[in-house]
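One-based numbering, in listed order, for ligands and for the atoms of each.
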Amino acid sequence: MKQAFMVNADDDVPVTYQPQRFKVYTQKQLDKIPVLQRLPESLRFEMQVVANVLPFRVNEYVINELIDWDNVPDDPIFRLTFPQRDMLPPESYQRMADLLKSNPTPKEVKALANELRQDLNPHPAGQMELNVPRLDNEKLPGMQHKYRETVLFFPSQGQVCHAYCTFCFRWAQFVGDKELRFATNETENLARYLAEHTEVSDLLLTGGDPMVMKTRHLAEYLRVLLRPELAHVQTVRIGTKALSFWPQRFVSDDDADELLTVLAELVDNGKHVALMAHYNHWKELETPIARTAIQRIRNTGTEIRSQAPLVGHINDNPEVWARLWRTQIKLGIIPYYFFVERDTGAKHYFEVPLVKAWEIYRDAMKKVSGLGRTARGPSMSAGPGKVEIQGITEIQGEKVMVLRFIQGRNPDWVQRPFFAQYDEKATWLDHLKPAFGEKEFFFEAEYRAMQAQG
Ligand SMILES: *Cc1c(COP(=O)(O)O)cnc(C)c1O
Ligand code: SF4
């Protein structure tokens, strides 16, 4: 079995990797990370303050192989994984800093943390209320069915990640707010729901990161699709950042080969298997083990598609995206989505105005060949759907932003161009106003009606 997914180095010597221990640090062990001792005490205190409010989790691979510690705090992977002072609004920062200096009880810290989190829009885009599917009129937690063709499934064992991204829109579920967690281990409910919904062609396993699961758990969910009554579910996508944060998952972990065998089994049974890989920066693609992981996955017949948000301080630069896409094409990865950062968490720190986002997207596109131009965006995953900024132009003397739905809660909204007043400051769909003196966008009345129905 090992042979099947073996990859060779350029000089035809088989590359083998010894299993590595997965060592992770969270807020409580922040002070124990050896390399942090190099940083000034004041900076370490700032990190503690923020890590008490926002999620923090990082592993030794990220620390030792992805971050350039000579370039901290500017290093993009450091900004991607380590807390920074400005991620909290100044007043929130001050309150937590003052409390921590006063020798507080854990209970006091927790209470303030919970209060401060409420100001950070923990659940954007009506995710909880609007998209929960029903079976025999019972709600199915851990599933979402927003767009006709695609069902999202959140396996309960996959609700963490190998490290946490500081900008993550799912941050609320990582800081222990169980109410905000939608997760399930109901394989049979999933199977029954899919069997009853023949319009569903795609199943998307997501999290957290489903790749934190042991292969034997993941395989249980995946093999459901091989049942004859689910033949209409042609595609299974797995959303993951393991290729960046823990490529060992596909190479040297105990059950890595078994995982690849399951993926190959699905492919061999006619399914389209796609790993939806989250890459923010080309630096995540440079280590030998990251590249070995990509090759091993591709050897199973699984496609790798990439997606990521544009985030300030990390990748708000066309050069970074151009190199990311060029490297992906070289490695056989297909760029898929270029997202606008969601309106949640440390958004004020990471947000990039929509106009600027479009300029970065366009400048990056100009620098790559056609195969590198497949990422759609800049795309906002908003309540009514995924809305893309197509461009900025002038129509009859009015400067406008041209928009369209890539995905809509009503499939009929998709691909219709619509127009917003040009706004250099807007960072999200609900900041935009219709152009040409119209009162509202074409979909708004219908969307309101959908919300009222629940
Ligand atoms: C993006 C997304 C999907 C997948 O949409 P595709 O256009 O098929 O990539 C499905 N469900 C939700 C909630 C999404 O945000
Ligand atoms: S890997 Fe994805 S789900 Fe996990 S923290 Fe990063 S953005 Fe969030």
Side-chain angles (χ1 to χ4, degrees), residues 24 26 54-59 62 77 79-83 124-128 130-133 143-154 158-175 181-183 199-212 234-246 249 272 274-281 284 303 305-309 311 314 334-342 344-346 350 374-377 379-388 404-409 411 413-415:
V24 70
T26 62
L54 295 171
F56 170 70
R57 183 177 159 92
V58 68
N59 69 62
V62 174
I77 310 301
R79 299 245 194 240
L80 171 68
T81 49
F82 279 85
Q127 292 197 79
M128 295 266 278
L130 270 180
N131 310 310
V132 182
M143 285 171 64
Q144 249 183 292
H145 192 181
K146 179 167 173 179
Y147 306 128
R148 192 176 52 197
E149 291 80 14
T150 307
V151 164
L152 267 51
F153 186 71
F154 300 77
Q159 296 307 303
V160 289
C161 305
H162 292 100
Y164 286 150
C165 308
T166 40
F167 58 76
C168 179
F169 72 91
R170 299 195 175 108
W171 64 276
Q173 59 180 291
F174 301 141
V175 285
R181 221 174 245 217
F182 20 47
E199 77 277 16
V200 175
S201 60
D202 289 41
L203 172 67
L204 209 165
L205 294 187
T206 182
D209 194 324
M211 286 298 171
V212 301
Q234 294 156 6
T235 300
V236 55
R237 305 188 217 174
I238 308 171
T240 184
K241 199 165 170 72
L243 273 166
S244 302
F245 283 161
W246 190 247
R249 178 69 188 94
H272 180 137
L275 226 65
M276 308 305 289
H278 175 190
Y279 286 112
N280 300 94
H281 199 281
E284 296 161 76
E303 297 288 358
R305 295 177 187 269
S306 69
Q307 52 190 24
V311 261
I314 294 175
I334 306 161
Y336 187 58
Y337 274 135
F338 175 101
F339 287 123
V340 177
E341 171 59 3
R342 290 210 197 197
T344 176
F350 292 117
T374 50
R376 287 170 304 165
S379 169
M380 293 172 269
S381 294
K386 280 194 176 66
V387 175
E388 181 189 68
R404 67 161 179 172
F405 279 93
I406 300 176
Q407 264 300 359
R409 203 176 280 280
W413 297 346
V414 169
Q415 300 287 354

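- If you look at Asp202 next to ligand 1, there are no close heavy atoms at all, none under 4.0 Å.
- Between Ala163 and Val58, the shortest heavy-atom distance links the atoms CB-CA, 3.9 Å.
- Atoms of ligand 2 lying under 4.0 Å from any heavy atom of Gly208, numbered from 1 in the order shown and given with element: 3 (S).
- Distances between N or O atoms of Lys146 and those of ligand 1 include no value under 3.5 Å.
- For ligand 1, the polar-atom distance check finds an N/O of Lys386 within less than 3.5 Å of one of the ligand's N/O atoms.
- The distance criterion of under 3.5 Å between nitrogen or oxygen atoms is not met by Ser381 with respect to ligand 1.
- For atom 8 (Fe) of ligand 2, the closest non-hydrogen atom on the protein side is Cys168 SG, 2.3 Å.
- When only non-hydrogen protein atoms are considered, atom 11 (N) of ligand 1 lies nearest to Leu152 CD1, 3.2 Å.
- Ligand-side atoms of ligand 2 in range of His278: 2 (Fe), 7 (S), range being under 4.0 angstrom from any heavy atom.
- Looking only at atom types and distance, the side chain of Arg409 has no donor-acceptor partner in the side chain of Tyr147 under 3.5 Å away.
- Dense packing is recorded around CZ of Arg404, with more than 12 heavy atoms of other residues, nucleotides or ligands lying under 6.0 Å away.
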Step by step, work out the side-chain contact (heavy atoms from CB on, under 4.5 Å) result for Tyr336 and Arg376. CA-CA 6 Å; Tyr336 187 58; Arg376 287 170 304 165; 3.2 Å; yes

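- Here is the list of ligand 2 atoms found below 4.0 Å of a heavy atom in Lys241: 1 (S).
- A distance of 8.5 Å separates CD of Glu199 from CD of Glu149, quoted to the nearest 0.5 Å.
- Within ligand 2, counting atoms from 1 as listed, the ones closer than 4.0 Å to a heavy atom of Cys161 are 1 (S), 3 (S), 4 (Fe), 5 (S).
- Distance check for Cys165 against atom 4 (Fe) of ligand 2: none of its N/O/S atoms falls below 2.8 Å.
- Under 4.0 angstrom from ligand 1, there are no non-hydrogen atoms of Glu149.
- Using a 4.5 Å heavy-atom cutoff, the side chains of Trp246 and Val24 are not in contact.
- Side-chain contact between Arg249 and Thr240 is absent, with no heavy atoms from C-beta onward closer than 4.5 Å.
- The atoms of ligand 1 that sit less than 4.0 Å from any heavy atom of Arg237 are 4 (C), 6 (P), 8 (O), 9 (O).
- Between Gly239 and Leu204, the closest heavy-atom pair is N-CD2, 4.3 Å.
- Considering backbone and side-chain N/O of Tyr336, one or more are found under 3.5 Å from N/O of ligand 1.
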side-chain contact (heavy atoms from CB on, under 4.5 Å) for Lys241 and Asn280? Distances and angles first, verdict last. CA-CA 10 Å; Lys241 199 165 170 72; Asn280 300 94; 2.7 Å; yes

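- Every atom of ligand 1 with a heavy atom of Gln407 under 4.0 Å away is listed here by number and element: 5 (O), 6 (P), 7 (O), 8 (O).
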